[in-house]
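Since the structure is predicted, the reported quantities are computational estimates derived from the model, not experimental observations. First listed ligand is number 1; within each ligand, the first listed atom is number 1.
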Amino acid sequence: MGAANGYANGKVAYSQPELSKYEKVVEFIMHRFRFLFVVPFLLPLGVVYNWFFELRNWFVFNINSAPKAHDRKVQRVQAQVRRWNESGQKTKMCTARSGWLTMSFRFPLYKQSMTQIRTDTLIDILEIDEEAMTVRVEPMVTMGQITRFLIPRGFTLPIVPELDDLTVGGMINGCGVEASGKKYGMFQHICQSYELVLADGSLVTAKKIEGKPVNQEESEMHTLFFGIPWSHGTIGLLTAATIRIIRCRPFVKLVYYPTNTLDEMKLRLNAEAENKENEFVEALMFNKDKGCVMRGRFSDGPLDKTGVINRIGRWYTKWFYTQVEDIVDDGKVVTQFIPLRDYYHRHSKSIFWELKEIVPFGNNVLFRWFCGWMCPPKISLLKATTPPTLRKLYDRQHVLQDMLVPMDQLTKTIEVFHEEVEIYPVWVCPFRLPSCPGMLRQRSGASQMFVDVGAYGVTLKKDYHPQETTRRLEAFVRSVKGFQMLYADTYMTRAEFWEMFDSSIYDWLRAKYNCRKAFPDVYDKVCKAARY
Ligand SMILES: Cc1cc2nc3c(=O)[nH]c(=O)nc-3n(C[C@H](O)[C@H](O)[C@H](O)COP(=O)(O)OP(=O)(O)OC[C@H]3O[C@@H](n4cnc5c(N)ncnc54)[C@H](O)[C@@H]3O)c2cc1C
Ligand SMILES: NC(=O)C1=CN([C@@H]2O[C@H](COP(=O)(O)OP(=O)(O)OC[C@H]3O[C@@H](n4cnc5c(N)ncnc54)[C@H](OP(=O)(O)O)[C@@H]3O)[C@@H](O)[C@H]2O)C=CC1
Ligand SMILES: CC(C)=CCC[C@@H](C)[C@H]1CC[C@@]2(C)C3=C(CC[C@]12C)[C@@]1(C)CC[C@H](O)C(C)(C)[C@@H]1CC3
């Protein structure tokens with residue numbers, strides 16, 4: 001790991017130490033044989049962990065204890081914040097969620113020196129309102145938990161980010177992107193209100209007001225509502241969120257369009273993203289030219305026997321992205337019906353394309369039949385048990401970046417990624433970015449189609465340098481008025497960061513609600529110096 005001296009002040013100084021021969025051998029063995037620990041230990045542990053929580057959640061929802069417990073839990077959060085005020089506001093506050101549980105490669109350094117507030121006990125779905133078409137949930141509720149609860153009742157969230165363990169708190173205070181984003185935007189755009197504990201310990205509900213706010217309080221809560229997304233818990237502590245739900249059908253009718261050039265992919269993707277009939281649109285690129293655009297619509301399943309049902313969530317099926325690759329190799333347009341929950345979590349089983357690094361035979365037919373039911377390993381357990389030697393290896397060769405750019409910059413962005421890191425598959429996911437206030441500056445007055453370009457994997461580029469390459473990518477993204485997703489390593493200086501993001505509402509809210517004393521600045525939470 002490089003030293004981060006002086007980075008937060010604008011200087012960027014990381015060094016890549018040379019490895020000795022001995023270190024190289026240890027690194028190689030640990031990487032190659034990590035599966036010897038993951039398969040017999042982490043896989044069964046993950047299964048037991050999941051069973052325990054499913055049983056617990058089922059029980060809690062059925063005895064309806066969550067709403068009452070919620071009030072108690074929130075009062076405890078408020079009491080902690082008040083105690084922090086009374087004891088002289090000595091250190092800043094953050095959530096008590098441990099670093100190994102979060103869905104990013106890094107561990108937060110700042111948690112150790114801050115007052116940790118127990119929002120991590122807020123793990124329940126509180127209520128579903130079928131008339132208002134909303135669900136009220138606590139922030140630690142995960143995507144897997146929500147889909148397991150809503151889909152059997154005939155509902156779903158309009159946007160379900162794929163990995164099962166992503167939390168509502170992370171999707172709101174960070175961000176969430178998914179294939180239905182072309183219709184609904186980002187996760188923050190399907191939220192209707194946030195229940196928050198502010199720095200003085202008060203409990204407020206920030207909500208979006210349709211039309212003009214009628215009084216000062218409404219106007220303030222409206223502004224607070226737009227300030228929360230991307231703020232990473234630096235304005236207030238989220239204790240519940242009310243999120244829109246929509247009716248769903250049991251299948252997604254998915255059409256795969258293989259494409260042979262970047263331009264063909266872009267044209268197809270744009271057309272499918274603009275087509276209002278489509279619910280889901282994403283693309284995977286397998287090299288600079290070959291890719292596949294997929295568009296999905298809700299469906300009740302095949303009308304006759306000619307329709308193909310592909311239950312990609314079953315334990316014995318091939319990893320989804322490798323099925324897509326087969327279709328690309330074949331070159332023909334294919335239509336399949338995929339069960340809805342399987343579709344939402346299509347990239348979970350293979351942790352996008354990261355599991356092959358950890359269990360190289362994970363997609364082998366024998367492994368799938370015997371051990372596939374335990375997959376994927378829990379990311380948090382993997383993270384907690386990644387030895388420092390392997391983390392160094394990831395630091396040197398592994399790229400984990402998502403860049404959000406305007407759709408008209410897609411071709412250029414993929415070319416830049418190819419030039420800099422050349423990692424495939426590349427995830428391409430269009431989403432609509434409305435013109436509203438907040439940290440994402442999009443002031444055109446109308447919503448614009450953006451696209452998330454994600455590169456996850458090992459780069460073989462000889463001249464790859466984590467800091468310099470990432471800084472070049474970041475500079476490119478700023479130049480096209482795009483945004484970097486902040487779970488990834490960011491090497492931007494403070495000035496560059498605030499060139500990419502809009503600080504006007506953010507700064508105003510931080511001053512108004514005494515956040516400067518209470519919480520660190522968002523940059524101080526996400527910059528490289530704050531994470532190891
Ligand atoms: C220096 C400063 C002082 C401030 N003082 C106060 C104050 O005294 N009291 C106070 O309450 N707030 C204050 N604020 C906060 C201010 O009210 C917010 O910045 C406000 O939300 C911005 O509204 P706007 O209409 O200027 O939107 P803009 O930020 O200009 O809006 C950008 C775009 O978003 C669109 N948009 C706006 N609202 C919505 C919506 N609900 N849904 C979809 N699109 C939308 C607009 O149409 C526009 O296209 C202050 C902010 C600053 C920077
Ligand atoms: N498809 C997608 O869109 C994907 C998105 N991601 C990204 O991964 C990130 C990690 O997700 P996840 O592990 O769920 O979230 P994290 O626990 O990493 O939380 C992300 C940020 O939100 C803050 N936060 C979380 N809960 C609260 C709360 N109740 N009140 C105040 N602040 C809160 C955290 O603050 P603190 O530091 O104090 O804990 C942290 O800064 C997300 O931010 C997302 O952008 C990752 C994979 C896929
Ligand atoms: C916007 C979208 C779709 C983002 C997807 C991001 C995922 C690919 C990221 C999020 C968390 C992530 C960085 C992670 C890893 C891979 C890529 C992940 C899953 C892994 C599992 C790689 C192996 C590592 O040893 C370790 C276990 C620490 C991490 C954990 C987090």
Fill in: Basic-acidic side-chain contact under 4.0 Å: K92, D524
no

Worksheet, complete the sentence: Short version for H347: what comes under 4.0 Å of ligand 3, heavy atoms counted, is neither

Worksheet item: What do you reckon, does R34 have a nitrogen or oxygen under 3.5 Å from a nitrogen or oxygen of ligand 3?
Response: yes

Practice prompt. Could you check atom 23 (C) of ligand 3 against the protein and tell me its nearest heavy-atom contact, residue, atom and distance included?
Written response: Y394 OH, 3.3 Å

Discussion item. Please check if the number of heavy atoms outside K207 that lie under 6.0 Å from its NZ is greater than 12.
Written reply: no

Practice prompt. Could you point out which residue of L382, T385, L381 forms a side-chain contact (heavy atoms from CB on, under 4.5 Å) with V38?
Written response: L382

Response to the item:
Looking only at non-hydrogen atoms, the one of D402, T102, D165 nearest atom 1 (C) of ligand 3 is D402

Worksheet item: Relative to the heavy atoms of K383, which atoms of ligand 3 are at a distance of less than 4.0 Å?
Response: 27 (C), 28 (C)

Item to complete: Just let me know how S104 lines up against ligand 3, side chain, backbone, both or neither, with a heavy-atom cut-off below 4.0 Å.
Response: backbone

Worksheet item: Quick one: are the ring centres of F361 and F35 less than 6.0 Å apart?
Response: yes

Item to complete: Report the nearest protein non-hydrogen atom to atom 30 (C) of ligand 3: residue, atom name, distance rounded to 0.1 Å.
Response: I379 CG2, 3.7 Å

Worksheet item: Is D164 salt-bridged to K378, going by a charged N under 4.0 Å from an acidic O?
Response: no

Worksheet entry | Under-4.0 Å heavy-atom contact with ligand 3, by part of Q401 that carries it | neither

Discussion item. Looking at K349 and D342, is any side-chain nitrogen of the basic one under 4.0 Å from a carboxylate oxygen of the acidic one?
Written reply: no

Item to complete: Considering only NZ, NE, NH1 and NH2 on the basic side and carboxylate oxygens on the acidic side, decide whether E279 and K183 come within less than 4.0 Å.
Response: yes

Practice prompt. Please work out whether any backbone atom (N, CA, C, O) or any side-chain heavy atom from C-beta onward of L390 is under 4.0 Å from ligand 3, and answer side chain, backbone, both or neither.
Written response: neither

Worksheet item: Which residue holds the protein heavy atom closest to atom 16 (C) of ligand 3, what is that atom called, and what is the gap in Å?
Response: E354 CG, 3.4 Å

Worksheet item: Quick one: are E282 and K182 in side-chain contact, heavy atoms under 4.5 Å?
Response: no

Worksheet item: Does R346 make a cation-pi contact with Y343 (under 6.0 Å, within 45 degrees of the axis)?
Response: yes

Discussion item. Just to be sure I read this right, does ligand 3 sit under 4.0 Å from the backbone of Y456, its side chain, both, or neither, counting only heavy atoms?
Written reply: side chain

Worksheet entry | F483 and W230 aromatic ring geometry - parallel, tilted or perpendicular at 30°/60° bounds | tilted

Worksheet item: For atom 13 (C) of ligand 3, which of L382, L400, I358 has the closest heavy atom?
Response: L400

Practice prompt. List every atom of ligand 3 that sits less than 4.0 Å from any heavy atom of T386, numbering the atoms from 1 in the order shown and giving each element.
Written response: 25 (O), 27 (C), 28 (C)

Worksheet entry | Intermediate values then yes/no, ring-ring contact (aromatic ring centres under 6.0 Å, His included), Y321 and H347 | CA-CA 7 Å; Y321 78 92; H347 298 307; 7.8 Å; no

Worksheet item: If you count the atoms of ligand 3 from 1 in the order shown, which ones are under 4.0 Å from a heavy atom of D452?
Response: 1 (C)

Practice prompt. Hey, can you tell me if Y194 and F225 have their rings parallel, tilted or perpendicular (30° and 60° cut-offs)?
Written response: parallel

Discussion item. Does the plane of the ring in H398 sit parallel, tilted or perpendicular to the ring in Y394? Use 30° and 60° as the thresholds.
Written reply: tilted

Discussion item. Is the terminal nitrogen or CZ of R531 (NZ for Lys, CZ for Arg) located under 6.0 angstrom from the six-membered ring centre of Y487 and within 45° of that ring's axis?
Written reply: no

Discussion item. For atom 6 (C) of ligand 3, what is the closest protein heavy atom, and at what distance to 0.1 Å?
Written reply: Y487 OH, 3.4 Å

Worksheet entry | Atoms of ligand 3 close to I351 [distance to a heavy atom under 4.0 angstrom, numbered from 1] | 19 (C)

Worksheet item: Is the backbone of F519 close enough, under 3.5 Å, to the side chain of T234 for a donor and an acceptor to pair up by distance?
Response: no

Fill in: Minimum-distance protein heavy atom relative to atom 29 (C) of ligand 3
F105 CD1, 4.0 Å

Response to the item:
for atom 11 (C) of ligand 3, nearest protein heavy atom and its distance come out as M103 O, 3.4 Å

Does ligand 2 have any N/O pairs with the protein under 3.5 Å, and how far apart?
unit_1   : atom_1 : unit_2 : atom_2 : d
ligand 2 : 1 (N)  : E162   : OE1    : 3.3
ligand 2 : 1 (N)  : V177   : O      : 3.0
ligand 2 : 3 (O)  : V177   : N      : 2.7
ligand 2 : 3 (O)  : V177   : O      : 3.4
ligand 2 : 13 (O) : R97    : NH1    : 2.8
ligand 2 : 13 (O) : M103   : N      : 2.8
ligand 2 : 14 (O) : T167   : N      : 2.8
ligand 2 : 14 (O) : T167   : OG1    : 2.6
ligand 2 : 17 (O) : R97    : NH1    : 2.7
ligand 2 : 29 (N) : L238   : O      : 2.9
ligand 2 : 30 (N) : L238   : N      : 2.9
ligand 2 : 35 (O) : K525   : NZ     : 3.3
ligand 2 : 37 (O) : Y110   : OH     : 2.4
ligand 2 : 37 (O) : K525   : NZ     : 3.2
ligand 2 : 38 (O) : T95    : N      : 2.9
ligand 2 : 38 (O) : K525   : NZ     : 2.7
ligand 2 : 39 (O) : T95    : OG1    : 2.6
ligand 2 : 39 (O) : K111   : NZ     : 2.7
ligand 2 : 43 (O) : G170   : O      : 3.1
ligand 2 : 45 (O) : C175   : N      : 3.3
ligand 2 : 45 (O) : C175   : O      : 2.8

Practice prompt. Assess K383 against F107: is NZ or CZ under 6.0 Å from the centre of the six-membered ring, and within 45 degrees of the ring's axis?
Written response: yes

Worksheet item: Are any of the heavy atoms in G454 under 4.0 Å away from ligand 3?
Response: no

Discussion item. Within the protein, is there a heavy atom lying under 4.0 Å from atom 20 (C) of ligand 3?
Written reply: no

Fill in: Numbering as shown, the atoms of ligand 3 that approach M485 to under 4.0 Å (heavy-atom distance)
1 (C)

